[in-house]
Number of protein chains: 2
Amino acid sequence: MATLDLDAIAAAGLALVDHRGADALTMRAVATELGVSTMSLYHYVENKAALVELLVDKAHREQPLPAPSGEGWREEVRELAGWMRNSIRAHPALLRLRLEYNVYTPSMLTFGERWINLWQQSGLDFDAANRAAAASSMAIIGFAKEEVSLRDFKPPDPELLSWLPNMRHLSTSPPEPGTSFELFIRALIDGIFDVLARGQAIAGDAAPIA
Amino acid sequence: MATLDLDAIAAAGLALVDHRGADALTMRAVATELGVSTMSLYHYVENKAALVELLVDKAHREQPLPAPSGEGWREEVRELAGWMRNSIRAHPALLRLRLEYNVYTPSMLTFGERWINLWQQSGLDFDAANRAAAASSMAIIGFAKEEVSLRDFKPPDPELLSWLPNMRHLSTSPPEPGTSFELFIRALIDGIFDVLARGQAIAGDAAPIA
DNA sequence: ACCTGAACACCGTTCAAGT
DNA sequence: ACCTGAACACCGTTCAAGT
């Protein structure tokens with residue numbers, strides 16, 4: 001029996017990333033963490049990109065998709081958005097590695113599938129629902145990533161802020177991050193639905209009337 | 001007179017990043033591009049993080065903030081959002097470096113200042129306008145970053161997609177990226193305004209009535 | 001099949017030395 | 001003040017060799 005397996009490698013790597021940051025994830029560090037030589041890893045993983053993919057997969061398995069609540073499409077979209085946000089926030093240091101090694105996993109696709117499904121239940125027509133799903137998923141993923149990026153934004157010296165009264169006020173009393181996401185998600189869903197529903201209604205009504 | 005200056009270094013670095021990607025930006029590469037030894041750079045730049053900051057600053061100077069059009073706050077918010085999107089798209093490979101070296105520049109702050117200013121003209125009260133500005137700026141920056149990230153997303157094998165009809169349809173006929181941003185920005189601004197204006201109205205009306 | 005040490009081609013950066 | 005080559009401490013990864 002082998003002393004190593006993919007899950008142990010993923011666990012060790014993810015622990016490194018979570019506790020010591022993206023820079024701490026080196027082949028050497030993962031190997032010594034597992035009490036094994038660096039080159040052993042290459043029997044399980046083709047290269048570092050594959051290692052990162054392994055971590056992303058494990059992170060995703062730890063955060064299974066929520067069961068549909070049946071509370072209606074709007075509420076379910078909000079729940080799924082919250083799940084995506086939590087998935088991103090669970091391993092903030094993983095974001096840089098994903099970008100660096102261009103890692104995409106099938107789990108993203110199943111999320112997208114369900115996301116589109118929900119919008120198809122909104123009453124918008126087929127094409128509008130697809131456009132709504134595409135735009136809104138990008139917005140939500142981008143917003144959640146931006147939240148974790150801003151976490152290690154160090155506020156500039158007060159000197160500079162003295163010329164920028166609005167920013168000074170915002171940086172001294174920032175809105176709570178949770179409420180910002182609440183506002184964003186509600187506004188986005190309602191906004192996208194309204195814009196597209198209005199477009200449909202106009203397109204649908206104009207022809208018969210004219 | 002010196003053979004080197006900050007602007008030449010920034011230009012050489014930015015050219016490398018734009019034409020050969022983030023990985024191509026090494027101290028050695030920038031130096032040889034300028035026909036100089038690697039260590040010369042350290043007389044102008046403390047370390048690689050400072051080099052990246054230099055590139056970001058140059059990129060930002062090339063994309064000056066648009067003059068206020070005076071067409072009303074909604075239109076001006078859209079214009080400013082488009083400017084931000086273009087700034088991000090102008091140097092897509094710079095995003096990874098910014099994240100990697102945690103680079104924030106004062107130019108971000110002047111953007112934020114104006115962004116808040118516009119929302120203060122929306123008719124929302126002071127706190128609501130600030131919340132709107134914070135949430136919407138994160139959404140827009142995140143969305144634009146997501147757009148460029150998705151640029152080098154390679155669609156998965158059709159095998160996998162056969163179980164995901166919605167995603168298969170989306171990947172065979174994706175919406176045009178430009179219209180996706182148009183939809184997103186309009187929906188976001190209207191959505192945020194409506195949610196907060198409704199909240200204000202309710203809070204303002206409920207008390208007298210009860 | 002699984003694991004290993006030595007080595008290679010790269011990094012960013014320090015240092016002592018040149019003009 | 002400005003520039004330089006040599007060297008150091010890291011990377012990811014190849015290779016030939018062990019069990």
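Order of the sequence lines fixes the chain letters, A, B, ..., with proteins taken first and strands second; residue numbering starts at 1 for each chain.
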Colleague: Checking B/E79 now: which residues fulfil salt bridge (Lys or Arg N to Asp or Glu O under 4.0 Å) with it, not counting sequence neighbours?
Modeller: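 So B/E79 forms no salt bridge (Lys or Arg N to Asp or Glu O under 4.0 Å) with any residue.
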
Colleague: According to the side chain to side chain donor-acceptor pair (under 3.5 Å) rule, which pairs have a member within residues 29-39 of chain B, sequence neighbours left out?
Modeller: B/S37-B/S40

Colleague: Residues in salt bridge (Lys or Arg N to Asp or Glu O under 4.0 Å) with B/R96, at least two apart?
Modeller: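 Salt bridge (Lys or Arg N to Asp or Glu O under 4.0 Å) check on B/R96 returns B/D23.
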
Colleague: So, using side chain to side chain contact (heavy atoms under 4.5 Å, CB included) as the criterion, who are the partners of A/Q120 when residues are at least two apart?
Modeller: A/I116, A/F126, A/A129, A/N130

Colleague: OP1, OP2 of D/dT14 versus side-chain N and O of A/Y42: anything below 4.0 Å?
Modeller: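 A/Y42 to D/dT14 OP1/OP2: no side-chain N or O under 4.0 Å.
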
Colleague: Given 3.5 Å as the limit, does a donor-acceptor pair link the side chain of A/E146 with the main chain of B/I141, or not?
Modeller: no

Colleague: Tell me: CG of B/L51 to P of C/dG12, nearest whole Å?
Modeller: 9 Å

Colleague: Quick one: salt bridge (charged side-chain N to carboxylate O under 4.0 Å, His left out) pairs with a partner in residues 107-130 of chain A, sequence neighbours left out?
Modeller: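 The answer is none; no pair qualifies.
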
Colleague: What residues, two or more places apart in sequence or in another chain, satisfy salt bridge (Lys or Arg N to Asp or Glu O under 4.0 Å) together with A/E75?
Modeller: A/R78

Colleague: Which part of the nucleic acid, if any, lies within reach of B/L25 when heavy atoms closer than 4.0 Å are counted: base, sugar-phosphate only, or nothing?
Modeller: sugar-phosphate

Colleague: Name the atoms and distances for all side-chain donor-acceptor pairs under 3.5 Å in residues 80-88 of chain B, with sequence neighbours left out.
Modeller:
{"unit_1": "B/W83", "atom_1": "NE1", "unit_2": "B/Q63", "atom_2": "O", "d": "2.9"}
{"unit_1": "B/W83", "atom_1": "NE1", "unit_2": "B/P64", "atom_2": "O", "d": "3.2"}
{"unit_1": "B/R85", "atom_1": "NE", "unit_2": "B/E147", "atom_2": "OE1", "d": "2.6"}
{"unit_1": "B/R85", "atom_1": "NE", "unit_2": "B/E147", "atom_2": "OE2", "d": "3.3"}
{"unit_1": "B/R85", "atom_1": "NH2", "unit_2": "B/E147", "atom_2": "OE2", "d": "2.8"}
{"unit_1": "B/N86", "atom_1": "ND2", "unit_2": "B/G82", "atom_2": "O", "d": "3.4"}
{"unit_1": "B/S87", "atom_1": "OG", "unit_2": "B/W83", "atom_2": "O", "d": "2.9"}

Colleague: Below 4.0 angstrom from OP1 or OP2 of C/dC3, is there any side-chain N or O of A/Y44?
Modeller: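 Answer is yes, contact under 4.0 Å.
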
Colleague: Mark up nucleotides 4-9 of chain C, 5' to 3', with B wherever a protein heavy atom is under 4.0 angstrom from a base atom, S wherever such an atom reaches only the sugar-phosphate, and - elsewhere.
Modeller: BB-B--

Colleague: Between P on D/dC11 and CD on A/E100, what's the gap in Å once rounded to a whole number?
Modeller: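 A/E100 atom CD is separated from D/dC11 atom P by 14 Å.
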
Colleague: List, one per line, each side-chain donor-acceptor pair under 3.5 Å for residues 46-54 of chain B, sequence neighbours excluded.
Modeller:
{"unit_1": "B/N47", "atom_1": "OD1", "unit_2": "B/A49", "atom_2": "N", "d": "3.3"}
{"unit_1": "B/N47", "atom_1": "OD1", "unit_2": "B/A50", "atom_2": "N", "d": "3.1"}
{"unit_1": "B/K48", "atom_1": "NZ", "unit_2": "B/L25", "atom_2": "O", "d": "2.7"}

Colleague: Figure out the CG/C1' separation between B/L6 and D/dC2, and round it to whole Å.
Modeller: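 B/L6 atom CG is separated from D/dC2 atom C1' by 14 Å.
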
Colleague: Could you walk me through whether B/L14 and B/L94 pass the side-chain contact (heavy atoms from CB on, under 4.5 Å) test, one step at a time?
Modeller: CA-CA 8 Å; B/L14 207 49; B/L94 212 48; 4.1 Å; yes

Colleague: For DNA chain C, what residues of residues 11-21 of chain B have any heavy atom nearer than 4.0 Å?
Modeller: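 Nothing qualifies; none.
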
Colleague: Identify each donor-acceptor pair in which a side-chain atom of residues 178-196 of chain B lies under 3.5 Å from a protein atom, sequence neighbours left out, and give them as a table.
Modeller:
{"unit_1": "B/T179", "atom_1": "OG1", "unit_2": "B/E176", "atom_2": "O", "d": "2.9"}
{"unit_1": "B/D190", "atom_1": "OD1", "unit_2": "B/R74", "atom_2": "NH1", "d": "2.7"}

Colleague: Grab the CE-P distance between A/M27 and D/dC10 for me, whole Å please.
Modeller: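 One finds 18 Å between P of D/dC10 and CE of A/M27, rounded.
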
Colleague: Can you check the B/D23 CG to D/dG12 P distance for me, whole Å?
Modeller: 13 Å

Colleague: Could you give the CG-to-P distance, from B/L97 to C/dC11, as a whole number of Å?
Modeller: 14 Å

Colleague: Is DNA chain D part of any stem, that is, at least 3 consecutive Watson-Crick or G-U pairs with both distances under 3.5 Å, and where?
Modeller: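 As far as DNA chain D goes, consecutive pairing (with distances under 3.5 Å) yields the stems C:4-8 with D:12-16, C:12-16 with D:4-8.
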
Colleague: Calculate the interatomic distance between B/N47 atom CG and C/dC11 atom P; express it in whole Å.
Modeller: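 Taking atom P of C/dC11 as the reference, CG of B/N47 is at 17 Å.
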
